[in-house]
Q: 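One structure, pasted below without further comment.
We name chains A, B, ... by the order of the sequence lines, and we start the count at 1 in each one. Note that this is a predicted model, so its numbers are computed, not measured.
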Amino acid sequence: MDLNYGAEYEDFHKEVQAFCKEYQGVSFKSESNDNNMSDALSGSSATKKSKKEVTRSEWQQILIEKGYIARAIPKEYGGYGGETDIIKSRIIATEFSKAKVPGGMGGQGIDMLVPTLLEWGSEEQKQKYIRPTLHGEMIWCQGYSEPNAGSDLASLQTKGELIDGNWVINGQKIWTSTAQYSQMMFCLVRTEPQAPKHSGISFILIPMDTPGIEIRPLVDMTLKAGFNEVFFDDVTVPEENIVAKRGEGWSVANSVLGHERGSLADPNATMNRLNTLINMMKEQTIDGRRLIDIPSYRDRLMQVQGKVMASQAHSLRLLSSKINPGQNVKLGGMIQKLVGTELRHELEGLAIDVLGEIGTLYEDSPYLKEDGSFQFTYMYFLGLIIGGGTNQIQKNIISERGLGMPKEPKITEAS
Amino acid sequence: MDLNYGAEYEDFHKEVQAFCKEYQGVSFKSESNDNNMSDALSGSSATKKSKKEVTRSEWQQILIEKGYIARAIPKEYGGYGGETDIIKSRIIATEFSKAKVPGGMGGQGIDMLVPTLLEWGSEEQKQKYIRPTLHGEMIWCQGYSEPNAGSDLASLQTKGELIDGNWVINGQKIWTSTAQYSQMMFCLVRTEPQAPKHSGISFILIPMDTPGIEIRPLVDMTLKAGFNEVFFDDVTVPEENIVAKRGEGWSVANSVLGHERGSLADPNATMNRLNTLINMMKEQTIDGRRLIDIPSYRDRLMQVQGKVMASQAHSLRLLSSKINPGQNVKLGGMIQKLVGTELRHELEGLAIDVLGEIGTLYEDSPYLKEDGSFQFTYMYFLGLIIGGGTNQIQKNIISERGLGMPKEPKITEAS
Amino acid sequence: MFFGLSEEQEQFQDYVKKFLADNVTVDEIRKIANGEDEALAKEIYSGLINLGINALLVPEEHGGLGAGLLSAVAVAQGLGSGVGPIPFAGAYVMAPIAINLAGSDEQKAKYLPQIVSNETKFGVGLSEYVAAREDAGIDLASGKANGKALFVIDGDEADYFLLSNKGGVLFLVDPKDKGLEITKLTSVDKTRSYLELNLKNVAAEVLPGSENNPEIAKKVLDAGRIIFAADSLGASETMIEKAVSYAKERKQFNRVIGSFQAVKHMCAEMASDLEPCYAMLWQAAHSFDHEPDEARLQACQAKSHISEVAKMVSKKATEVHGGMGFTDLLGLHYWFKRIGLNRQLLGGPELIREEAAEIQGFNQ
Amino acid sequence: MFFGLSEEQEQFQDYVKKFLADNVTVDEIRKIANGEDEALAKEIYSGLINLGINALLVPEEHGGLGAGLLSAVAVAQGLGSGVGPIPFAGAYVMAPIAINLAGSDEQKAKYLPQIVSNETKFGVGLSEYVAAREDAGIDLASGKANGKALFVIDGDEADYFLLSNKGGVLFLVDPKDKGLEITKLTSVDKTRSYLELNLKNVAAEVLPGSENNPEIAKKVLDAGRIIFAADSLGASETMIEKAVSYAKERKQFNRVIGSFQAVKHMCAEMASDLEPCYAMLWQAAHSFDHEPDEARLQACQAKSHISEVAKMVSKKATEVHGGMGFTDLLGLHYWFKRIGLNRQLLGGPELIREEAAEIQGFNQ
């Protein structure tokens, strides 16, 4: 056991600390912030007003130049051109979080499309898409789920036909967040209707201003999480917008899906939320008694803290396994989505319970605590328990791939 | 809602009360009581020494004559010859329990075999077996489960062949309680190997002194619950020992199985155990502090109490549905085994937790509370969660028969 | 001996359920929750009032139906099962019970018939009597009330508010009093109203029977808790029904998802935990009506236990619905949120369990 | 940066596991638990001592291995995984730590080498320091100890007992002292010893460093708790492995039961809840060794959280085994009971969580 990053990282650590000191309190110019729940989800406290102002894209540029984001992405595609270094990533994340300096942009373009293109894209596609995506000039949304293809994603039916050198796409996607703000969608489309279901899918890039695309906001139980449905009516894009070969879409998509699942419940965000809860329990009262002084609340708090501490330690073990190739934590990676989303839902539910009637307040109500983020996050994480492979599907995966248990036997009839 | 039994039962109620007064403190002559855990299971307090002494069979005789047991069993078979009256049964149970007067004998002969014979037996079988069974002169054990036929009971393989007017039986049974003390076994035997699995089974009565029977005690995790394995090696019994027809054994057995499942977790027994726990939490201390004054223990106690109260009220509703034919509580009956066994296991586990290290004591240790019954019952009820149709099987039944959900699709291959 | 709802009670419940099924689909609930159609809201309200739910607990001598709490429970189950977007627990249960138990003869003669004719509606604020948050609470002195009442229920367009001080003295205030300031609170459950009252020297009309008898306020509280438990029970029942029927329809992997053991077991677990709650609830209401010594404990345990079961049901039923359960399309979340609010009203499970222990003398 | 057991630690654990796998099958455990074969018990004990587990925590200057608690955790996981029927937490962890931290130079020089040579074995009784049951507890005055110590561990054939008064003063007593009466207690877990001591004017040899420093006893307690957590973790790991492999073999309804989703999900739930416990445990031990400020909270949380997870695992794994899990044939219950005893030793989850809150200053 060695929790030090080693002497070779000391300089880097200092550099990052200096950077954070310089930019502490940085804030973004002229940007709407209508979804202040994203702070709650990521566990960070709401950003305070400050002296330094930059635009989002200036900030993105600064971070790329320092190699604090897009580190391992080649210079020719607009990245920093360094090597993947998980410890450096961790140092950056930790110091940024400590100093409350904002990180780089996220989103499905940067987190999912860029790694996908680096692995599967043609040289032209890399040249064309990666740089603007990294710099926040090209926002992407994801077109995977369909109303009838949820847990059974591979049964998706959105159809793509190659007609005169163009893909003509018809069908419907759901759970597409940021569709309204996106320039592009990466989309799974059934192009080989005769093939077995997993090998009939292609991965196609679609400009969102293509005629025939209709975006309808999909209201969800939080009333504010911002998903959409996207409808395609003879949407026509050039043949070269396919990534990899026809029918390889399932493999392309799966190469980065794992990453998404793990990131749904970051243990550090959970720890931050726990701390928010603890502070609130010290401040709020019932009949003049602090919430934290009520033993049954406190006992539940301690139970949740135990789970959060276990999760945090576990994430260190996973980090370690990435740096130390001999360390096998295969099962440990598989459980992250299941355990993390359930824990977060439990934590937010505890916060609601200790707040009592106050905990039921929402939207712009007076007496709202933490912007009503406990209710929002409680529901949002129920959504995450369901989304990204329901936790029932996760248990299948854990038992089959993690524990080597047999798959469900094939069935003779659909009932 | 009317919780009174009605005027017509007042006389009967008084009669029972008078009887209980007369026999309060009755105890049994010269009988070994090596399994004092049965009190803990049934939730009754250990019997104290007393003035009135009768033998078990005298007591049985008294109760039958009063119609307090074997009430609806015809006189010619040794019963009381009255009519089934659920309210009278309830009055008897309640008053006996209040006055701590012992009930009649139980066991698989009286509880399962007698009702089975009444429904399926030939006149000769009824004449021959019911009276001695009711009077405790003929003890029965049950031969259903086999090592390879647990949840899938119908796959049992103990073989019976009709040779020269005799059933020749070979195979093995497991979970046979009281096998050592029994004169007879009622047994499920595969007699029609060609038939589909549910229709190849017969219900056969086997004298336990037949040559070829070997009984081996089966030690379980409690070390004292008293199950056995029974082996058959060319065990030969007359052809007429079959109940109903060849191949009808599955139906015969199922007609009383439901009864057994419900009785595994009597809510009144659970309530008695809760009260035992509450008293103990008022008496026992940690650092001089009563256990019940420790808020996190108390909160768990209140949670369990809520469940116990719900169970008790529910059993009244079920009783009511038996008296009032219009009242449909089908689902309500199906859940009893699942809910009752889990609740009891939880309750006993709570008792262990509040006792801390004391709660881990067992057998004849000093400082044992309630004869170590919390540990015994905690484990025994884990056994009941598994036995009599595991709680996983129960959930299948509830979802399929109670909620009308589809069965598992048929499988093409055994994996 | 009969343990359960009587035929009349079941019928009453069926009327409520049928009315809601016929008139209050998810689309209507959504409109009302969003405040988009006040006319519709009023129509639904009148429709339910026409069934007589307001008159249930008013004694016959004052023109009411003279029914017991069990009948109100039957109705509340129905309202919960269809997320009935109307006042009930406060306006038509707690208020008439309070006035009947603690009102002077004049007050009874004045207010109870007005409840029956629905001329007068009562908002009810007993939260601070249970557990004061945000230092709220009301002082009562020389006929004047000062302070703050939070989480007042059924208060939209109320003609009076029924409030309590910390000692359980119940009193009425008039919304038109100049010293009374009303602020709307927004909860996750927008099917019911939720208010804050600020009182400065507001004239208080005390219900005299409550002045030296703290048992009255407790009794009113018991009734409210039992009704919220009933509402959550009804909502849970519907969520399970919806989950089961969705699971029988929805196909994934070439099978209806209801044929997967994981889904079946989730449904079986919900049903098994909910099933005993009916009897528990009815027994609590029956005790409220007929066995006062046992009513308080049963009310506490019913509220806390059913709240826990309902929370579990609200989660699992949503999970069975998959992504659809998370959307607003099916509107399942209205039930989810109804259960969420009921859970906290008049005390969350931990607080109520502590009261249950107190009632039994467990915490010295 | 490396988070986990080192190669040496894993190797050490593997030796322990292999030794137990080779020498301590369920039949052997049963014999030992039933007290039927003392020679066998001694053989196993010597075998494990020969691996050096006794010398782990003794500093090198006293002839030991000078390892940290994390190494002891590695061993304890191994012992738990094979229900190793030998003393460990008390005799070879808590005792050497106590002596090393609080002993005088003479005491260290005397006792620590004797631990390494296994000439001297320590039973340990700190239960009353944690939470006194049955009015037990020891008074210490003028070098004499009076009172009662319950649930003393590792005490069979002990050469000394390490005890504490309520103030955390640690001291040694000699079993041969006339004032000392030893009674055997029987727990469900018969793989380890469990004693009661009654002391009347027993000569007490105080470890002087503990006299004015209550932190020492706490530190010893932390170590014990971490070790019991490790034992339960190891036992849970084995129970899951056994459940998974049983489910892959056992057929019912023409399928291996491990192909039923209900069984698969039970296994997945066990594995998912247990998996993060490894890191939690190792971090607690690492903090014990290197980050004392964080160690107490982590020790408390590891003990209580892992106890809860292990309880769940012990139930579900038994259920997966069906009737066989309930029998003595497979002996699964030895693991079940091991987990059951560990849960209560040195404080059950509720008590320890309350301590965790205290450490953080949450309960004023």
Q: Compare every heavy atom of A:R298 with every heavy atom of D:A357, then report the nearest pair and how far apart it is.
A: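 Minimum heavy-atom contact is CB-CD, 3.7 Å.
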
Q: Is it the side chain or the backbone of D:A356 that comes within 4.5 Å of chain A heavy atoms, both, or neither?
A: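 The answer is both parts of D:A356.
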
Q: Could you pull out all residues at least two apart from D:D14 that satisfy salt bridge (charged side-chain N to carboxylate O under 4.0 Å, His left out)?
A: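 None.
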
Q: Identify the two heavy atoms, one from A:L403 and one from D:V244, that lie closest to each other, and give their separation to 0.1 Å.
A: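 Closest heavy-atom pair between A:L403 and D:V244: O-CG1, 3.6 Å.
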
Q: At a 4.5 Å cut-off on heavy atoms, which part of D:Q261 comes close to chain A: side chain, backbone, both, or neither?
A: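 Both backbone and side chain.
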
Q: So which part of A:N324 gets closer than 4.5 Å to some heavy atom of chain D, the side chain, the backbone, both or neither?
A: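 For A:N324, the side chain is the part near chain D, not the backbone.
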
Q: The test is side chain to side chain contact (heavy atoms under 4.5 Å, CB included); show your working for A:I323 and D:M1 and say whether it passes.
A: CA-CA 8 Å; A:I323 307 170; D:M1 188 269 183; 4.1 Å; yes

Q: Quick one: pull up OG in D:S245 and CE in A:M405 and give me the separation to the nearest 0.5 Å.
A: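 D:S245 atom OG to A:M405 atom CE measures 9.5 Å (nearest 0.5 Å).
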
Q: Table please: side-chain donor-acceptor pairs of residues 275-284 of chain D below 3.5 Å, with sequence neighbours left out.
A:
from: D:E275; atom 1: OE2; to: A:R317; atom 2: NH1; distance (Å): 3.2
from: D:Y278; atom 1: OH; to: D:E237; atom 2: OE1; distance (Å): 2.3
from: D:W282; atom 1: NE1; to: D:Q77; atom 2: OE1; distance (Å): 2.7

Q: Look at A:M281, A:Q392, A:E400, A:Q327 and state which one has the largest set of heavy-atom pairs under 4.5 Å with chain D.
A: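 Ranked by heavy-atom pairs under 4.5 Å with chain D, first place is A:Q327.
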
Q: I'd like to verify something: which residue of A:H314, A:K307, A:M334 has the highest number of heavy-atom pairs under 4.5 Å with chain D?
A: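 When all of A:H314, A:K307, A:M334 are compared, A:H314 has the most.
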
Q: Taking atom CG of A:L3 and atom CZ of D:F3, what is their separation to the nearest 0.5 Å?
A: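 Output value for this atom pair is 6.5 Å.
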
Q: With only heavy atoms counted, which part of A:Q312 is less than 4.5 Å from chain D, the side chain, the backbone, both or neither?
A: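 Contact with chain D: none, neither part.
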
Q: Given A:K282 and D:F362, is the side chain to side chain contact (heavy atoms under 4.5 Å, CB included) satisfied, shown in steps?
A: CA-CA 8 Å; A:K282 289 179 176 171; D:F362 290 166; 3.6 Å; yes

Q: Is the backbone N or O of D:F2 less than 3.5 Å from a side-chain atom of A:S320, with the two atoms forming a donor-acceptor pair by type?
A: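 No, because the side chain of A:S320 does not come within donor-acceptor range (under 3.5 Å) of the backbone of D:F2.
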
Q: Looking at D:Y15, I want to see if its OH is surrounded by more than 12 non-hydrogen atoms of other residues, nucleotides or ligands under 6.0 Å.
A: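 At most 12 heavy atoms, drawn from other residues, nucleotides or ligands, come within 6.0 Å of this atom.
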
Q: Heavy-atom pairs under 4.5 Å with chain D: which of A:K395, A:M1, A:M302 has the most?
A: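 That would be A:M1.
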
Q: Give the interface residues of residues 301-310 of chain D toward chain A, defined by a heavy-atom separation under 4.5 Å.
A: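 Near chain A, by residue number: D:Q301, D:H305.
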
Q: Given a strict heavy-atom distance threshold of 4.5 Å, which part of A:I292 is in contact with chain D: side chain, backbone, both, or neither?
A: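 It is both, since atoms from each part get that close.
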
Q: Chain D heavy atoms under 4.5 Å from A:I87: which part of the residue, side chain, backbone, both or neither?
A: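 For A:I87, the contact with chain D is made by the side chain alone.
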
Q: Under 4.5 Å heavy-atom distance to chain D, tell me which part of A:E342 shows up: side chain, backbone, both or neither.
A: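 Interface part for A:E342: neither.
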
Q: Measure the CG-CG distance between A:L338 and D:D273 for me, rounded to the nearest 0.5 Å.
A: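 Answer rounded to 0.5 Å: 8.0 Å.
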
Q: Could you tell me which portion of A:L318 (side chain, backbone, both or neither) has an atom closer than 4.5 angstrom to a non-hydrogen atom of chain D?
A: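 Interface part for A:L318: neither.
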
Q: Taking side chain as everything from C-beta outward and backbone as N, CA, C, O, which of these in A:N396 sits under 4.5 Å from a heavy atom of chain D? Side chain, backbone, both or neither.
A: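 When you check distances to chain D, atoms from both the backbone and side chain of A:N396 fall under 4.5 Å.
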
Q: May I ask you to check whether over 12 heavy atoms, not counting those of A:K322, lie within 6.0 Å of atom NZ?
A: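 Not buried by this count: 12 neighbours or fewer within 6.0 Å.
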
Q: For D:E7, look at atom CD and say whether over 12 heavy atoms of other residues, nucleotides or ligands are found less than 6.0 Å away.
A: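 Not more than 12 within 6.0 Å, no.
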
Q: Counting heavy-atom pairs closer than 4.5 Å to chain A, which one of D:H290, D:Q9, D:Q360 comes out on top?
A: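 Most pairs with chain A among the choices: D:Q360.
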
Q: Whether the side chain of D:R353 engages the backbone of A:R300 through a donor-acceptor N/O pair (distance < 3.5 Å, no angle test) should be reported.
A: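 A pair under 3.5 Å: no.
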
Q: Could you tell me which of A:L301, A:L316, A:I398 has the largest number of non-hydrogen atom pairs under 4.5 Å with chain D?
A: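 The answer is A:L316.
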
Q: If you check every heavy atom in residues 262-269 of chain D against those of chain A, which residues fall under 4.5 Å?
A: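 At a heavy-atom separation under 4.5 Å, chain A is reached by D:V263, D:K264, D:H265, D:C267, D:A268, D:E269.
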
